[in-house]
Protein chains: 2
Amino acid sequence: MAKISEPTVRRLSHYYRVLDEVAGEGQRTISSRILAEREGITSAQVRKDLSYFGSFGRRGLGYNVEHLRTEVRRILGLDRRWRVGVVGAGHIGSALLAYRGFGDQGFDVVAVFDTSAARVGHRLGEQVIRDMATLSEADALEMGVIATPMRAAQEVADALVAAGVRGILNFAPRKLRVPREVALRTVDMTMEFESLSFALSQARTPRRRRTAE
Amino acid sequence: MAKISEPTVRRLSHYYRVLDEVAGEGQRTISSRILAEREGITSAQVRKDLSYFGSFGRRGLGYNVEHLRTEVRRILGLDRRWRVGVVGAGHIGSALLAYRGFGDQGFDVVAVFDTSAARVGHRLGEQVIRDMATLSEADALEMGVIATPMRAAQEVADALVAAGVRGILNFAPRKLRVPREVALRTVDMTMEFESLSFALSQARTPRRRRTAE
DNA sequence: TTTTGTGAACGTGTTCACAGCG
DNA sequence: CGCTGTGAACACGTTCACAAAA
């Protein structure tokens with residue numbers, strides 16, 4: 001299969017969520033135009049995204065909601081369960097554990113780690129917090145979440161890779177080095193705030209349209 | 001000024017962080033090549049990004065760390081403080097309040113809201129949680145953070161816009177409608193997990209290289 | 001000689017527009 | 001006639017490569 005771009009994958013996630021909603025509303029079929037409207041993108045984009053994976057629609061009719069939902073689910077790899085380990089039992093780690101939505105989508109947090117002796121041994125959700133040093137291949141983790149302070153992040157990433165995870169979701173505001181075969185996604189809230197700050201700063205000089213250039 | 005792309009703004013955030021580190025190490029100057037290496041991008045990209053805003057370097061020498069840091073700080077709008085309101089005093093809201101890093105960068109959480117009577121009146125960090133209904137223009141908020149369940153997100157966004165915010169950071173996994181002049185950034189953790197799931201699913205059939213196409 | 005700043009070339013993702021089917 | 005699937009055109013972001021400056 002041709003390489004799929006990251007924006008396409010992100011849109012597939014959105015389509016999947018819209019299809020869930022639409023299925024709940026009892027709709028049997030949906031057109032690319034309607035799927036696009038809910039998304040704020042063009043219908044051509046929807047059709048192009050889906051065309052990378054096959055022909056799921058019927059000309060003149062649109063897409064069967066239930067069928068497309070099943071296909072997108074399979075494409076995204078949500079037709080199975082994933083073993084996830086969370087490192088860092090602070091605020092972000094706790095927030096992740098508390099959110100039921102991930103379990104519903106097939107992501108099972110099967111282990112939680114921390115280095116603080118004060119936290120190890122306590123429960124967090126359904127898990128008992130374990131010392132980071134006990135993380136090993138035996139946990140058979142497939143994904144790891146880094147919810148530690150910035151300075152520990154690279155070390156934790158290395159430990160996760162050594163333990164055999166193939167995907168990492170990083171919440172620490174730092175670029176991490178991982179082997180090419182390990183997928184890495186970073187959620188950097190500081191960067192999001194700074195992006196907003198930039199946008200708001202640019203938006204000043206609000207009367208430019210009325211003055212000469 | 002020409003329109004600046006979102007990837008450029010995100011990289012500026014990174015440059016700013018690297019410049020902080022490098023300043024701490026006592027370096028006086030830094031070349032685009034070194035700035036790029038810390039980032040994992042090309043030096044041409046660094047120079048191009050900076051060139052949108054001016055000429056900050058000296059040929060043959062590189063950039064003065066302290067000077068460039070000041071300029072990037074100004075470009076990102078971090079040479080002032082921003083009044084931020086957080087809506088939703090659950091796990092994500094609490095995590096944000098607990099993280100000191102935002103305050104250090106100029107983002108002051110000056111109000112926290114929730115709709116739950118059980119939470120209103122309690123402290124969260126330095127703030128007393130207020131009823132959502134008391135959110136008004138009088139708060140003079142410039143940015144709002146949506147840390148509520150998905151179903152409340154659009155309603156909260158409308159209230160924030162009515163209260164005069166010009167930027168919104170949304171943690172609810174839903175596309176929101178806001179006026180064009182309001183900047184919106186969404187952090188969708190479900191989408192990040194699904195993106196990892198997709199990447200790991202694609203990575204299967206690991207022996208493809210040894211078989212005929 | 002080193003390194004910036006930048007037009008040109010390139011590559012990638014989005015949109016157009018229409019043939020092809022239902 | 002309606003809507004999909006898709007090559008072609010387009011837009012935009014990245015990289016190249018080199019003149020200019022220190």
Side-chain angles (χ1 to χ4, degrees), chain A residues 1-15 18-19 22 27-69 71-72 75 175 191 195 198-199 202, chain B residues 1-15 18-19 22 27-69 71-72 75 175 191 195 198-199 202:
Chain A
M1 191 194 302
K3 205 176 109 273
I4 304 300
S5 76
E6 189 59 25
T8 292
V9 177
R10 301 175 70 82
R11 285 191 297 269
L12 284 173
S13 285
H14 263 130
Y15 303 153
V18 171
L19 289 167
V22 168
Q27 287 287 333
R28 298 286 292 262
T29 62
I30 188 168
S31 68
S32 59
R33 190 171 58 79
I34 303 292
L35 253 177
E37 267 171 22
R38 295 230 185 188
E39 266 307 292
I41 56 178
T42 68
S43 62
Q45 183 72 78
V46 173
R47 295 196 298 277
K48 184 70 95 178
D49 285 340
L50 296 175
S51 77
Y52 296 136
F53 302 97
S55 298
F56 306 122
R58 293 218 201 151
R59 295 172 196 234
L61 293 174
Y63 302 88
N64 176 287
V65 171
E66 211 41 67
H67 175 235
L68 186 58
R69 202 174 87 92
E71 291 288 349
V72 173
I75 291 165
K175 269 268 161 67
M191 187 174 290
S195 167
F198 174 81
Q202 295 301 104
Chain B
M1 188 195 303
K3 204 178 110 274
I4 305 299
S5 73
E6 188 59 26
T8 292
V9 177
R10 300 176 71 82
R11 284 192 297 268
L12 284 173
S13 284
H14 263 129
Y15 303 153
V18 172
L19 289 167
V22 168
Q27 288 287 333
R28 298 288 291 263
T29 62
I30 188 168
S31 68
S32 58
R33 190 171 58 78
I34 304 291
L35 253 176
E37 268 171 20
R38 294 230 188 188
E39 265 308 291
I41 57 178
T42 68
S43 63
Q45 182 74 78
V46 173
R47 296 196 299 276
K48 183 69 95 176
D49 285 339
L50 296 175
S51 77
Y52 296 136
F53 302 96
S55 296
F56 305 121
R58 294 221 199 148
R59 296 171 195 234
L61 293 174
Y63 302 87
N64 176 287
V65 172
E66 210 42 64
H67 175 235
L68 186 58
R69 201 175 87 93
E71 291 288 351
V72 174
I75 291 165
K175 268 269 159 71
M191 188 174 290
S195 165
F198 175 82
Q202 295 300 104

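Below, chain A is the first sequence line, B the second, and so on; all start at residue 1.
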Identify, with sequence neighbours excluded, every residue that meets salt bridge (Lys or Arg N to Asp or Glu O under 4.0 Å) alongside [X].
X	result
A:Arg11	A:Asp49
B:Arg10	A:Glu192
B:Lys48	none

Rounding to an integer number of Å, can you tell me how far [X] [atom1] sits from [N] [atom2]?
X	N	atom1	atom2	result
B:Ile34	C:dT3	CD1	P	8 Å
A:Asn64	D:dT4	CG	P	13 Å
A:Glu71	D:dG5	CD	P	12 Å
A:Leu50	C:dG13	CG	P	17 Å
B:Phe53	C:dT6	CZ	C1'	16 Å

- Query: Nucleotide by nucleotide, 5' to 3', does protein get under 4.0 Å of the base (B), only the sugar-phosphate (S), or neither (-) in nucleotides 11-21 of chain D, counting heavy atoms?
  - Reply: --SSBBB-BBB
Under 4.0 angstrom between [X] side-chain N/O and [N] OP1 or OP2:
X	N	value
A:Ser32	D:dT4	yes
B:Tyr63	D:dA22	no
A:Ser31	D:dC3	no

- Query: What heavy-atom pair brings A:Ser32 and A:Ser43 nearest, and what distance separates the two atoms?
  - Reply: OG-CB, 3.6 Å
- Task: Under the side chain to side chain donor-acceptor pair (under 3.5 Å) rule, collect the residues that match up with A:Thr42, sequence neighbours excluded.
- Result: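 Here no residue qualifies.
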- Message: Tell me every residue that passes side chain to side chain donor-acceptor pair (under 3.5 Å) with A:Arg59, counting only those two or more places apart in sequence or in another chain.
- Response: none
